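Worksheet: one structure, shown below.
As the structure is a computational prediction, the values presented were derived from the model and not from experiment.
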Amino acid sequence: MNWNLARGLVYLACLAASGLAMAGLADFDLVTGSFDLRPFNLYALTGTAGGVISSALASVALWRGWGQK
């Protein structure tokens, strides 16, 4: 097993968990070490993600000059 990859995945998971906690979408108890994800509306998430992703792709296309002759 590649231990650097495993350690990197743990770091990314901790970064995601701390980001969710800072955004108010999760609670972390330092004493017990428990991480509780709060309920969220999946329909609102997918609706918002579609707009954010399409705007990001449009920005990348503009930056890269895609679609020009």
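Screening residues 26-48 for side chain to side chain donor-acceptor pair (under 3.5 Å), with sequence neighbours left out, gives D27-R38, D29-T32, T32-S34. Sequence neighbours left out, not one pair with a member in residues 57-66 passes salt bridge (charged side-chain N to carboxylate O under 4.0 Å, His left out). Legend: salt bridge (charged side-chain N to carboxylate O under 4.0 Å, His left out) pairs involving residues 41-53, not counting sequence neighbours: none detected. Screening residues 49-63 for side chain to side chain donor-acceptor pair (under 3.5 Å) gives no qualifying pairs among residues at least two apart or on separate chains. Residue pairs meeting the salt bridge (charged side-chain N to carboxylate O under 4.0 Å, His left out) criterion with at least one partner in residues 8-22, sequence neighbours excluded, are absent.
In this structure, L42 and F40 have side chains that are in contact, with non-hydrogen atoms separated by less than 4.5 Å.
Transitive grouping of hydrophobic side chains (ILVMFWY, heavy atoms separated by less than 4.5 Å) keeps L15 and M22 in distinct clusters.
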Result block: side-chain N/O donor-acceptor pairs under 3.5 angstrom for residues 6-13, not counting sequence neighbours:
residue, atom, partner, partner atom, Å
R7, NH2, N4, OD1, 3.1

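Listed here is the closest heavy atom pair of L37 and L20: CD1-CD1, 4.0 Å.
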